[in-house]
Chemist: 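Dropping a structure here in structure tokens format, bear with me for questions.
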There are 2 protein chains.
Amino acid sequence: MPGKVAPALPERPMLFWHHAGACTARSSRASLARVSITHLQSFVAVAEEGHVGRAARRLHITQPPLSRHILALEDELGTPLFERVPKGMRLLPTGEALLQHARRILEEVEVAARTVREAAQGSGASKPPPT
Amino acid sequence: MPGKVAPALPERPMLFWHHAGACTARSSRASLARVSITHLQSFVAVAEEGHVGRAARRLHITQPPLSRHILALEDELGTPLFERVPKGMRLLPTGEALLQHARRILEEVEVAARTVREAAQGSGASKPPPT
DNA sequence: AGTTATTACGTAGAACGTAACGATA
DNA sequence: TATCGTTACGTTCTACGTAATAACT
């Protein structure tokens with residue numbers, strides 16, 4: 001069998017994202033390596049809405065996957081980011097810390113994409129533009 | 001068995017990443033939304049090595065998926081990032097532009113993770129630390 | 001009962017690796 | 001022919017959504 005990788009070593013309701021990269025066992029120093037831009041967008045949405053349901057509608061997905069995004073982040077970081085209150089989700093200090101960086105990262109991503117596209121136009125790009 | 005084969009509706013050697021998000025058809029304004037941290041790491045590795053094979057070994061994966069990472073980025077951005085030369089891969093101006101931002105983003109991610117972990121320790125975190 | 005987030009479960013899809021291919025010198 | 005990147009193909013694993021559950025007011 002071709003693609004074989006993770007022997008899996010479940011010890012809890014663990015979550016996997018990618019193919020459980022080569023040697024990054026879980027606590028080496030995998031700084032959010034398994035996290036995608038989407039996860040950060042999810043986090044910011046929940047942080048801003050304080051509500052998984054609302055954030056989910058805003059992101060055009062359902063609650064469960066969004067909830068899993070948050071749980072995945074918390075698991076990856078090894079610490080909770082929200083306090084679960086009856087009204088919804090309230091940022092913990094850890095979450096506040098992440099929020100700032102997450103926004104920064106997402107903004108950087110935007111800038112990166114824009115910059116590359118501009119560079120492409122400037123140098124006579126390739127792929128077919130709008131129309 | 002759950003596994004499916006995917007009949008696919010190819011019109012080209014297209015590539016999909018997530019579930020092809022709700023409405024983001026392909027050119028709305030999805031600024032790298034489909035791109036993960038891993039993709040950026042792959043890009044940086046190839047850019048630094050100038051060689052898919054070497055970069056792949058460095059990342060502990062094989063060439064094909066790494067090559068696909070690059071093609072995915074190029075497709076997402078709508079422009080090539082490398083020039084394919086006999087020796088390997090040479091950064092185009094667009095690639096140089098992205099490289100700077102990619103490094104910045106990856107660094108930001110590192111800082112974010114570290115900051116959150118520190119905040120967790122400072123406030124008496126939860127999840128089981130090293131030992 | 002009416003909220004909320006989470007877990008269970010099944011299926012579609014994304015991503016790996018092996019192998020085959022294509023292009024260039 | 002040798003070396004590089006890419007495409008083909010089959011399998012594993014991730015991630016969605018629906019439905020059921022748990023906790024709290």
Side-chain angles (χ1 to χ4, degrees), chain A residues 1-10 12-22 34-39 41-42 45-46 49-57 59-76 80-90, chain B residues 1-10 12-22 24 33-39 41-42 45-46 49-57 59-76 80-90:
Chain A
M1 38 310 238
K4 225 303 142 37
V5 185
L9 52 160
R12 297 195 185 189
M14 248 175 78
L15 290 163
F16 295 86
W17 296 271
H18 286 60
H19 273 67
R34 299 179 176 78
V35 174
S36 66
I37 302 299
T38 303
H39 284 86
Q41 289 173 328
S42 296
V46 172
E49 299 287 350
H51 196 98
V52 175
R54 286 177 62 82
R57 281 203 300 279
L59 296 171
H60 304 292
I61 60 175
T62 54
Q63 290 87 341
L66 182 50
S67 178
R68 284 187 292 248
H69 284 10
I70 305 302
L71 293 171
L73 269 172
E74 293 179 327
D75 185 70
E76 177 77 8
L81 298 168
F82 291 95
E83 182 189 355
R84 274 67 173 179
V85 295
K87 308 274 188 179
M89 309 279 276
R90 248 184 59 178
Chain B
M1 40 299 260
K4 221 14 194 39
V5 209
L9 53 158
R12 295 193 187 190
M14 243 176 85
L15 292 162
F16 296 85
W17 296 272
H18 287 61
H19 273 69
T24 43
R34 297 181 177 77
V35 173
S36 66
I37 303 299
T38 303
H39 284 86
Q41 290 173 329
S42 294
V46 173
E49 300 287 349
H51 196 100
V52 176
R54 287 178 61 81
R57 281 202 301 276
L59 296 172
H60 303 291
I61 60 176
T62 54
Q63 291 90 339
L66 182 51
S67 179
R68 284 187 292 248
H69 285 7
I70 304 302
L71 292 170
L73 269 172
E74 293 179 327
D75 184 71
E76 177 78 7
L81 298 168
F82 292 94
E83 182 188 356
R84 275 69 174 177
V85 295
K87 309 273 189 179
M89 310 279 273
R90 248 183 58 178

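Note that the coordinates shown come from a computational prediction; the quantities given were computed from them, not determined experimentally. Each chain gets a letter, A, B and so on, in the order its sequence line appears, and its residues count up from 1. Atoms considered below: every heavy atom in the structure, side chains included; atoms not considered: hydrogens, waters and symmetry mates.
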Chemist: Looking at Ser67(B), does any N or O in its side chain come under 4.0 Å of the phosphate oxygens OP1/OP2 on dT6(D)?
Modeler: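 For dT6(D), OP1/OP2 do have a side-chain N/O of Ser67(B) under 4.0 Å.
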Chemist: Can you tell me how far P of dT14(D) sits from CD of Glu76(A), to the nearest Å?
Modeler: 13 Å
Chemist: Would you mind telling me which of Ile70(A), Thr62(A), Leu66(A) makes a side chain to side chain contact (heavy atoms under 4.5 Å, CB included) with Val52(A)?
Modeler: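 Option passing the side chain to side chain contact (heavy atoms under 4.5 Å, CB included) with Val52(A): Leu66(A).
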Chemist: Could you pull out all residues at least two apart from Arg84(B) that satisfy salt bridge (Lys or Arg N to Asp or Glu O under 4.0 Å)?
Modeler: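 Checked Arg84(B) against salt bridge (Lys or Arg N to Asp or Glu O under 4.0 Å); matches are Glu74(B).
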Chemist: Nearest-Å distance, CG (Asp75(A)) to P (dA15(D))?
Modeler: 13 Å
Chemist: If I take atom CZ from residue Arg68(B) and atom OG from residue Ser42(B), how far apart are they, to the nearest 0.5 angstrom?
Modeler: 11.5 Å
Chemist: Under 4.0 angstrom, heavy atoms only, what part of the nucleic acid is Ile61(B) near: base, sugar-phosphate, or nothing?
Modeler: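 Sugar-phosphate only.
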Chemist: Expressed in angstrom and rounded to an integer, what is the separation of His39(A) atom NE2 from dC16(D) atom C1'?
Modeler: 12 Å
Chemist: Using whole Å, what does the distance between atom P of nucleotide dA8(D) and atom CG of Leu71(B) come to?
Modeler: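 Result: 12 Å.
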Chemist: Could you check how far CD1 of Ile70(B) sits from P of dT7(D), rounded to whole Å?
Modeler: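 My rounded result for the distance is 13 Å.
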Chemist: I'd like to compare against my own output: the B/S/- annotation of nucleotides 18-25 of chain D with a strict under-4.0 Å heavy-atom distance to protein.
Modeler: BB----SS
Chemist: Any side-chain N or O of Arg84(B) under 4.0 Å from OP1/OP2 of dA23(C)?
Modeler: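 Looking at the OP1 and OP2 atoms of dA23(C), neither is under 4.0 Å from any side-chain N or O of Arg84(B).
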Chemist: How far apart are the closest heavy atoms of Lys87(A) and His51(A), and which atoms are they?
Modeler: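 Scanning both residues, the minimum pair turns out to be O-ND1, 3.5 Å.
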Chemist: What is the distance, rounded to the nearest whole Å, between atom CD of Glu49(B) and atom P of dG5(D)?
Modeler: 11 Å
Chemist: Whole angstrom is fine here: how far is it from NE2 in His51(B) over to C1' in dA2(D)?
Modeler: 13 Å
Chemist: Within this structure, what is the CZ-to-C1' distance between Arg90(B) and dG5(D), rounded to whole angstrom?
Modeler: 16 Å
Chemist: Indicate whether the side chain of His39(B) and that of Ser36(B) have a donor and an acceptor atom separated by less than 3.5 Å.
Modeler: yes
Chemist: Verify the contact: side-chain N or O of His69(B) to OP1 or OP2 of dC16(C), cut-off strictly under 4.0 Å; return yes or no.
Modeler: yes
